[in-house]
Amino acid sequence: MKKRLTIIGFSCAACLIILAVVAGSAARRHAALVNCGNQMHSILLVSTMLWPDEHDGRLPSNFISMSNELATPKILICPGDRSRKPAADWAVFGPEHCSYQIVAPGVKKSETNTVFLRCPIHGYAGYVDDRLFDSSARLVRPQRIW
């Protein structure tokens, strides 16, 4: 009888550990998803609201050209991308340091139904008018603090 209780106790403990690991993993994936959306909103804000006013109504054609507007190249790595490492600074930045893709380089700001930016990890699509949609085509609201 004592051995049976030990085995049952061990099985319950093992199940709890597995549940905790799965829940923790789901929480990490959700946090990466939310952080990716926030990073894309930041990039979109610079690309769609600030950049066109000084560049003949066109959005940037690459990330390097936005190096003065984006504080760090680290924002260009999706939190869910485990295959890439961020560049230490803009001087060493290259395609291997970027998760996000500019889909329509140099697009005119007036082309509001055009996807400008996308995340291949989470399926987010950022439009020229600063709207961001998830992979299910739901609008993602920014979590801006200001």
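Computed from a prediction, not measured in an experiment: that's the story for all the values here.
The backbone N or O of Ile64 lies less than 3.5 Å from a partner atom in the side chain of Asn62, making a donor-acceptor pair. Put simply, the side chain of Lys109 never gets that close to the backbone of Asp129: no donor and acceptor are under 3.5 Å apart. The closest donor-acceptor contact from the side chain of Gln39 to the backbone of Ile75 lies under 3.5 Å. In terms of modelled atom types and a separation under 3.5 Å, the side chain of Glu69 and the main chain of Leu50 share no donor-acceptor contact.
Among residues at least two apart or in separate chains, salt bridge (charged side-chain N to carboxylate O under 4.0 Å, His left out) pairs with a member in residues 75-102 are Asp81-Arg84. Among pairs with a residue in residues 99-131, those fulfilling ring pair (Phe, Tyr, Trp, His ring centres under 6.0 Å) read Tyr127-Phe133, at least two apart in sequence or across chains.
Minimum heavy-atom separation, Lys108 to Val128: O-CG1, 3.7 Å. When all heavy atoms are compared, the tightest approach of Val115 to Ala104 is O-CB, 3.5 Å. Taking each heavy atom of Leu132 and Gly37 in turn, the nearest pair found is CD2-O, 3.6 Å. Shortest non-hydrogen contact noted between Ala87 and Pro73 is O-CG, 3.7 Å. When all heavy atoms of Ile43 and Phe63 are compared, the pair lying nearest together is CG2-CE2, 4.2 Å. Contact record, Pro120 with Ser99: CD-O, 3.3 Å, taken as the closest heavy-atom pair.
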Determine, step by step, whether Leu117 and Val103 satisfy the side-chain contact (heavy atoms from CB on, under 4.5 Å) criterion, reporting the C-alpha distance in whole Å, the side-chain angles of both residues, the deciding distance to 0.1 Å, and the verdict.
-> CA-CA 6 Å; Leu117 184 67; Val103 179; over 6 Å; no
side-chain contact (heavy atoms from CB on, under 4.5 Å) between Met40 and Cys119, intermediate numbers included = CA-CA 8 Å; Met40 285 192 66; Cys119 173; 3.6 Å; yes
Chi angles and distances behind the side-chain contact (heavy atoms from CB on, under 4.5 Å) call for Phe93, Ser67 | CA-CA 10 Å; Phe93 177 78; Ser67 62; over 6 Å; no
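Taking CD from Glu111 and CG from Asn113, the interatomic distance works out to 9.5 Å, rounded to the nearest 0.5 Å. Lys74 contributes atom NZ, which lies 11.5 Å from atom NE2 of His97 (distance to the nearest 0.5 angstrom). Taking CZ of Arg58 as the reference point, atom OG of Ser47 lies at 15.0 Å (rounded to 0.5 Å). Interatomic distance, Thr112 OG1 to Asp130 CG, rounded to the nearest 0.5 Å: 12.0 Å. Taken from CG in Leu33 to CD1 in Ile121, the straight-line distance is 11.5 Å, to the nearest 0.5 Å. Remark: Leu59 CG to Ile102 CD1 distance equals 8.5 Å, nearest 0.5 Å.
Around CG of Asp53, the count of heavy atoms belonging to other residues, nucleotides or ligands within 6.0 Å exceeds 12.
Each of Ile77 and Leu70 belongs to its own hydrophobic cluster when Ile, Leu, Val, Met, Phe, Trp and Tyr are linked at side-chain heavy-atom distances under 4.5 angstrom.
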